[in-house]
Amino acid sequence: MPELPEVETIVRDLARMLPGARIDRVEVLRPDLIEEEPADAFARALEGREIGSVTRRAKNIVIDLAGDGLLLVNLGMTGRLMVTDPADEPPLHTGVRMHLRDGRELRYHDVRRFGRLWRSTREAWEKWEGELGVEPLSDGFTVAHLRDLAARSRVEVKTWLMDQRRVVGVGNIYASEALFRARIDPRKPADALTDAELGRLRKGVQDVLREAIDFRGTTFLDYRDASGERGEFALRLKVYDREGQPCTVCGDPVRRIVQAGRATFFCPCCQPRGRARKAAAPRKKPRPKG
DNA sequence: AACGCGCCCTGTCCGC
DNA sequence: TGCGGACAGGGCGCGT
């Protein structure tokens with residue numbers, strides 16, 4: 001489910017709710033969600049720990065255990081991490097229940113179980129996250145950096161943008177949305193992007209992520225924030241899941257293609273191929289019917 | 001080294 | 001109404 005805006009929304013909520021809480025007892029209902037074996041060792045190791053800070057790196061939730069290492073959570077496609085009342089009957093697909101000393105429960109729920117929870121030392125984590133790409137909302141996300149990355153890859157830009165070793169946090173929804181805003185054909189090879197296009201891409205990525213955070217994320221299927229609420233950004237999507245519907249800018253039908261096995265949505269009129277952007281940028285054009 | 005692909009899993013929807 | 005197949009927001013490991 002979750003791309004950067006959804007994870008960021010959850011993290012901001014948890015960062016208000018969790019610091020200072022102590023983990024009393026951990027129940028692992030779905031051991032395959034836990035990296036560590038046996039999962040029981042993972043559960044016992046968390047018991048008694050105090051939660052320090054909650055932060056985000058890429059699409060990972062980083063829970064600092066106040067000097068006792070880190071608890072990391074990747075939500076995969078359908079993961080949810082939320083604070084609940086333990087009296088609430090855990091629904092089917094509840095994977096981990098962390099009972100807090102103050103009476104609340106930190107609950108992990110995941111229908112498809114693509115998500116993972118694991119422990120790490122700060123040193124091991126820093127080494128691991130060093131392999132990840134640049135944070136798109138950080139100062140390091142510059143046109144110069146994008147140019148360096150793009151010059152070394154002939155992969156189609158949409159696929160390129162989703163690779164977490166280059167730029168983190170952009171998944172299948174926001175990749176299509178960012179390229180629409182940047183007016184770049186998603187099939188264009190990364191190393192064919194001009195500086196002007198990279199500049200628009202940088203802005204497109206940042207704008208769409210910031211706006212989605214403002215709306216607490218996009219709820220497509222399963223996403224819920226840390227309180228179990230839906231995000232509100234879905235209505236603001238311009239191309240994602242809008243195949244055949246009119247482009248909000250030019251009225252032409254939105255197209256769906258498949259790249260690297262994932263659906264891509266774009267407007268062939270507003271995101272023209274090649275450098276065929278001779279005249280002014282595509283604007284509303286009267287469209288002939290038929 | 002870089003890249004494409006299949007796969008992990010369950011639920012939903014669509015066409016027949 | 002039922003059933004098979006396609007597809008769903010991520011990421012890893014494999015083979016080329």
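We name chains A, B, ... by the order of the sequence lines, and we start the count at 1 in each one.
Taking atom CD on Q164(A) and atom C1' on dC12(C), their separation rounds to 13 Å, with Å as the unit. Distance, E35(A) CD to dG11(C) P: 13 Å, rounded to whole Å. dA8(C) atom P lies 9 Å from atom CG of D241(A), rounded to whole Å. A straight line from CD1 of I10(A) to P of dG10(C) spans 13 Å, rounded to a whole angstrom. Rounded to whole Å, the distance from CD1 on I61(A) to C1' on dG10(C) is 14 Å. Distance L33(A) CG to dG11(C) C1': 15 Å, rounded to the nearest Å. In this structure, the CD atom of E131(A) is 13 Å from the P atom of dG13(C), given to the nearest Å. Put simply, CG on D163(A) is 10 Å from P on dA2(B), counting in whole angstrom units.
Contact check on R119(A) versus E36(A) returns a salt bridge, with a Lys/Arg side-chain nitrogen under 4.0 Å from an Asp/Glu carboxylate oxygen. Contact check on R56(A) versus E135(A) returns a salt bridge, with a Lys/Arg side-chain nitrogen under 4.0 Å from an Asp/Glu carboxylate oxygen. Ion pairing of E8(A) with R12(A) is present here, as a side-chain N (NZ or NE/NH1/NH2) and a carboxylate O approach within less than 4.0 Å.
Within residues 152-159 of chain A, the residues that have a heavy atom under 4.0 Å from DNA chain B are, in order of number, S153(A), R154(A), V155(A). A heavy atom lying under 4.0 Å from DNA chain B marks the following residues of residues 113-124 of chain A, by number: R113(A), F114(A). Contact check of residues 255-266 of chain A against DNA chain B (heavy atom, cut-off under 4.0 Å) returns no residues at all.
Through ILVMFWY side-chain contacts below 4.5 Å, L92(A) is grouped with nothing and stands alone. With side-chain heavy atoms closer than 4.5 Å counting as contact, directly or through intermediates, the hydrophobic cluster containing I257(A) also holds F266(A). Grouped by direct or indirect side-chain proximity (heavy atoms under 4.5 Å, Ile/Leu/Val/Met/Phe/Trp/Tyr only), V258(A) sits alone.
Where DNA chain B pairs in unbroken runs of 3 or more (Watson-Crick or G-U, both distances under 3.5 Å), the stems are B:2-8 with C:10-16, B:10-16 with C:2-8.
Side-chain N/O atoms of H93(A) include one lying less than 4.0 angstrom from OP1 or OP2 on dG11(B).
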Pairs under 3.5 angstrom only: tabulate donor-acceptor contacts from the side chains of residues 19-31 of chain A to other protein residues two or more places apart or in another chain.
from, atom 1, to, atom 2, distance (Å)
R22(A), NH1, G48(A), O, 2.7
R22(A), NH2, E50(A), OE1, 3.2
D24(A), OD1, R101(A), NE, 2.8
D24(A), OD1, R101(A), NH2, 2.9
E27(A), OE2, H99(A), NE2, 2.6

Let me check something: any side-chain donor-acceptor pairs from residues 81-89 of chain A under 3.5 Å, sequence neighbours excluded? List them with distances.
from, atom 1, to, atom 2, distance (Å)
D85(A), OD1, A87(A), N, 2.8

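By the 4.5 Å heavy-atom criterion applied to side chains, L100(A) and L18(A) are counted as neighbours. The closest side-chain heavy-atom distance from C267(A) to V249(A) is not below 4.5 Å. Using a 4.5 Å cut-off on side-chain heavy atoms (C-beta onward), I61(A) and V54(A) make contact.
Backbone-only contact: N74(A) has heavy atoms under 4.0 Å from sugar-phosphate atoms and none from a base.
In terms of the ring-ring contact (aromatic ring centres under 6.0 Å, His included) criterion, residue partners of F265(A) (sequence neighbours excluded) are, by chain and number, Y240(A). Every residue two or more places apart in sequence or in another chain that forms a side chain to side chain donor-acceptor pair (under 3.5 Å) with K203(A) is listed here: D207(A).
Looking at the side chain of W128(A), the nearest of the listed nucleotides dC9(B), dG11(B), dC12(C) is dC12(C). When each of dA8(C), dG11(C), dC12(C) is scored by its nearest atom to the side-chain atoms of K59(A), the top-ranked nucleotide is dG11(C). Each of dC3(B), dG10(C), dG11(B) was ranked by its minimum atom distance to the side chain of R166(A); first place goes to dC3(B).
Within the structure, ring-ring contact (aromatic ring centres under 6.0 Å, His included) pairs that include any residue of residues 123-166 of chain A comprise W118(A)-W128(A), W125(A)-W128(A) (at least two apart or interchain).
dC5(B) sits 15 Å from dC7(C) when the P atoms are compared, rounded to a whole Å.
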